[in-house]
Engineer: 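One structure, pasted below without further comment.
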Amino acid sequence: MQLVQFMRIIGPIVLASMSLLLSSAQAFQPPATLYRAKPENVSPWAEQGNFRFIRLDGGQIESWKAERTWWGEKFSPEEKDVLAHIYDRDFDQMLALLKQADFNWIWVTWSNGWSLKDEEANRENLTKVIARCHQNGIHVSAYLSASNMFPDSAYRDDPETKKYGLWMHGVPMYYAGPSMPDLHISWHRRLADARNPGWRAYLLRKAELAIDAGVDAIVWDNMIGYNNGLAQLLDDTQRMAEQNARETGRPKVMVYANIHISPDRFAMNDINDAIWEEDGKDTPGVWDGHWQVANARKIKFLNGEKQLWQPLMYENDLYHCGPRERCIPGPAEQKLSIAEAYAFGAATSRNIEGRFLYGLIHSEPKALQAWAAIAQYNHFLVEHRELYADVEPAARIALISAEPHNPLADRLLKQSVFFDTKVLAHLDKGLPLDRFKVLVVPSDLPKLSAEQKARLARFKSGGGVIVRAGKSQRDVGAQAESVAGGPRLTLEPRGYVLGQLTRKPDGRSFILHLLNYDQRAPAENVKVRLDLSGLVQDLSGWNVKVLSPDTAQPQLVGLSLQGDVCEFTLAQIEHYTVVTLSARAGPQL
C-alpha cells in the first residue's frame, strides 16, 4: 500500500483516537451522584508503606493479545510460551520468586477483551492462582480492560458486543491503529463505548466472576473513550462490589483504574480506592551527564492530585534501556527506582512481561541479578516498614504546578529543597494549603480562576507567604527556604545526592531519605546539615540512627545536635541511606 493512501485511511482514526486519549479543554468532574471512594475501604495491607506490588500479566489470553499489539509483536516464541503458561506450568516457580522478593500484592490478567468462552480456561487457572497466593500472604488484583475487545472472539461468542463499538466523527475506534513499521493495518483490537449500559453490564459479569474467585481488587485498564461512560463504569463497579460485600460478608474489594496523570481527567480517581499510574518515561540515574529526577517530580505531582489516603503505585512504561517489555534495567536502576518511589510516598510498579519474565523463568543471570536487587530492597522495606507507613511530608514549602512537566520542580529537587506540589486544577487535594508557610508560584502559570484566586487569598490572610518565581527561577529555592525558616538541608559535596524529609504525624520522629542518583559510583564523605527550624526547638537528647539496604552497618561520624540543627558525615551513600531522628520519651519538643 502506498504511504499516501495508507495515511488517508489511518489519519482520521489516529487523530480521533488521540483526541480521546488526550485531555479535553474542559476538565472532567464526575457528577456528585457518582460513587465517592472512602478511606475505610482501603484494607490495612493496602495502605501506603505496607505493600510491595508487581504486575504478573499472563495467561494464554495475554499471549494472544501480545501477538496482536505492537509491544508484543517482537516477542520470541519462547517468550510467548512463558507468558502463556505463567499461571499453570510455571506458576510454582513464579510463586517462589514472588515470596523470595517479599511481594505481597500482584495483579493478574483476568479479562482483556476476549469472549467469555475464550477466557474460561484462564479463569480456571487463576482461581487456583488466587487461592495459592492467599495461602502465601499475597493479595491479588484482577486486571480487566474497560474498552478493548477482539472482534473475532467477542463477536463470535458474545454477539451482543457487535452493538457496543466506540465511534467518533463517524469513524470506528481501534486500539492504537496500525503497525507502522510494516505499513500494515491490524484491526484486531476494537474499542467499545462505556457509555453503553449493555457494554458495562457485560464487563460487570466478568468482574463479578473475578470477585467470586476471591480477588482483593478490580483494576480497569484501557480507559479509552468518553469520560462520562468510563466514570459510570467505575461507579457501577464500586456499587456492585459493595453489594457483593453485603451479601457475602467478605470485605469489599477495592476498585481502581489507569486514569493517567493529566489534571483534566484525574478527578475520575475520586471514584477509586487506589491510584495506579504508568506515566514514567525513564529510570532514575545520571545518564550522559543528565540527572534524571522526572519520576520524583511526577510522584510529587500525583500526590498533589489525589486524596491523601489513597495508596499510589507508580510505573515506568519506558526504561532507560528501552521499552519495558524488551529490556531489563540493571540492579542499580532497580534499587534506585524502589528507593525513589518509597521515599516520595509511592510504591514501585513493574511490568515484567516479555524479556524479564522469560529471563526469570529460565534463570538467566541478568534477570536473576535484577531480581536479587529487588529482593534486597524489598526486604529492607519489610524490615523497616515504619519508615514508609503512617508518615507525611515535612515540607513547609509548596510549589504550584499546572502540568506534570515543571522545570522549576526539577531544579528544587536537585537542590534538595523540601517542597510538595499543589496542582493548580486540584488545590483542594493533597496536603491542605494551610499546612505550608510558603507557596511558590511559577512565572508561566496559566490565568487563575476566581476560585483559585480566592484560595490563594485565604492562604495569605492566614499568614502564608507567596513567592513568585522570576523567569530565570535561579534563586527561588533559596528565597523560599529563607522565608519558610526551615526545614533546610545542606549537602557537601552535593554531587548527585538528593534529600527528602518525612515525619510521623505526632512530630516526634523525622526521616531523612538520601538518594545517590549516580548509579556508577557511591557518594563518599557526604557532610549533612539538617536544619529543623520551625519543626523542633531543641534536638539535644534525640536519638539518631542510620540505615541502608546497601550495607548492614552504614557509618555516620561527627554527629552534632545543637538547638534545631543536626550535623554529621556519612562515609558512603551507595544508592540509598536513611537517617532517623526520634525524640526520647517525655514531653513533646
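Counting from 1, the numbers follow the sequence of the chain as shown.
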Engineer: Taking all non-hydrogen atoms of both residues, which atom of K281 and which atom of K298 are closest, and how far apart?
Structural biologist: CG-NZ, 3.9 Å
Engineer: Taking only Lys NZ, Arg NE, NH1 and NH2, and the carboxylate oxygens of Asp or Glu, determine whether K252 and D273 approach each other closer than 4.0 Å.
Structural biologist: yes
Engineer: Give a yes-or-no answer on whether the side chains of N406 and R297 include a donor-acceptor pair shorter than 3.5 Å.
Structural biologist: no
Engineer: Could you pull out the closest heavy-atom pair between A341 and A347, with the gap in Å?
Structural biologist: CB-C, 4.0 Å
Engineer: Would you check if there is a donor-acceptor pair between the side chains of E567 and S560 at a distance under 3.5 Å?
Structural biologist: no
Engineer: In sequence, state the C-alpha distance, the side-chain angles, and the governing distance for N244 and R250, and then conclude on side chain to side chain donor-acceptor pair (under 3.5 Å).
Structural biologist: CA-CA 8 Å; N244 181 276; R250 290 182 56 204; 4.8 Å; no
Engineer: Against W45, only a single residue in F53, W105, F51 fulfils ring pair (Phe, Tyr, Trp, His ring centres under 6.0 Å); can you say which?
Structural biologist: W105
Engineer: Check for me whether the distance between the ring centres of W291 and Y496 falls short of 6.0 Å.
Structural biologist: yes
Engineer: Passes side chain to side chain donor-acceptor pair (under 3.5 Å), N228 versus R195? Steps please.
Structural biologist: CA-CA 7 Å; N228 57 341; R195 296 177 301 175; 4.9 Å; no
Engineer: For residues A241 and V255, report the shortest heavy-atom separation together with the two atoms involved.
Structural biologist: CB-CG2, 4.5 Å
Engineer: Without hydrogens or angle criteria, can the side chains of Y377 and D550 be said to hold a donor-acceptor pair below 3.5 Å?
Structural biologist: yes
Engineer: Will you find, in the side chains of E278 and N258, an N or O donor that is under 3.5 Å from an N or O acceptor?
Structural biologist: yes
Engineer: Can you confirm whether more than 12 heavy atoms, excluding those of Q555, are under 6.0 Å from its CD atom?
Structural biologist: no
Engineer: To the nearest 0.5 angstrom, please state how far the CG atom of L561 sits from the CH2 atom of W542.
Structural biologist: 10.0 Å
Engineer: Do the ring planes of Y143 and W107 sit parallel (below 30°), tilted (30 to 60°) or perpendicular (above 60°)?
Structural biologist: tilted
Engineer: Carefully, step by step, assess R350 and I374 under the rule side chain to side chain contact (heavy atoms under 4.5 Å, CB included).
Structural biologist: CA-CA 11 Å; R350 278 179 193 78; I374 293 168; 3.3 Å; yes
Engineer: Y576 ring centre to K335 NZ or CZ under 6.0 Å, with the angle to the axis within 45°?
Structural biologist: no
Engineer: May I ask you to decide if the ring planes of Y388 and H513 are parallel, tilted or perpendicular, using 30° and 60° as cut-offs?
Structural biologist: tilted
Engineer: Above 12 or not: heavy atoms from other molecules or residues under 6.0 Å from CZ of R468?
Structural biologist: no
Engineer: Is there a side chain to side chain contact (heavy atoms under 4.5 Å, CB included) between S43 and D216? Walk through the geometry before answering.
Structural biologist: CA-CA 9 Å; S43 299; D216 305 285; over 6 Å; no
Engineer: Counting only heavy atoms not in E40, do more than 12 sit closer than 6.0 Å to its CD atom?
Structural biologist: yes
Engineer: Grab the two heavy atoms, one from G285 and one from L336, that are nearest each other, plus how far apart they are.
Structural biologist: CA-CD1, 4.4 Å
Engineer: Between E277 (side chain only) and H260 (backbone N and O only), is there a donor and an acceptor less than 3.5 Å apart?
Structural biologist: yes
Engineer: Above 12 or not: heavy atoms from other molecules or residues under 6.0 Å from NZ of K545?
Structural biologist: no
Engineer: Set out, in order, the CA-CA distance, both residues' side-chain angles and the distance that settles side chain to side chain contact (heavy atoms under 4.5 Å, CB included) for L203 and L144, then state yes or no.
Structural biologist: CA-CA 8 Å; L203 292 181; L144 296 96; 5.8 Å; no
Engineer: Under a plain distance cut-off of 3.5 Å, with no hydrogens placed, do N316 and R324 share a side-chain donor-acceptor pair?
Structural biologist: no
Engineer: Can D564 and S533 be said to form a side chain to side chain donor-acceptor pair (under 3.5 Å), step by step?
Structural biologist: CA-CA 6 Å; D564 50 22; S533 299; 3.1 Å; yes
Engineer: Counting N and O atoms only, with roles assigned by atom type, does the side chain of Q452 sit under 3.5 Å from a partner on the main chain of L424, one being a donor and the other an acceptor?
Structural biologist: yes
Engineer: Distance alone, cut at 3.5 Å: any donor-acceptor contact between the side chains of Y517 and E340?
Structural biologist: yes
Engineer: What do you reckon, is NZ of K38 surrounded by more than 12 foreign heavy atoms closer than 6.0 Å?
Structural biologist: yes
Engineer: Look at atom CD of E386 and say whether more than 12 heavy atoms of other residues, nucleotides or ligands are closer to it than 6.0 Å.
Structural biologist: yes
Engineer: Would you kindly say whether Q238 and D235 are connected by a side-chain donor-acceptor distance under 3.5 Å?
Structural biologist: no
Engineer: For D506 and S509, which heavy atoms make the closest approach, and how far apart are they?
Structural biologist: OD1-N, 4.1 Å
Engineer: What's the verdict on side chain to side chain contact (heavy atoms under 4.5 Å, CB included) for Q519 and V286, showing C-alpha distance, side-chain angles and the deciding distance?
Structural biologist: CA-CA 7 Å; Q519 71 277 12; V286 179; 4.3 Å; yes
Engineer: Looking at every non-hydrogen atom in both residues, tell me the closest pair between L489 and S416 and how far apart they are.
Structural biologist: CD2-CB, 3.9 Å
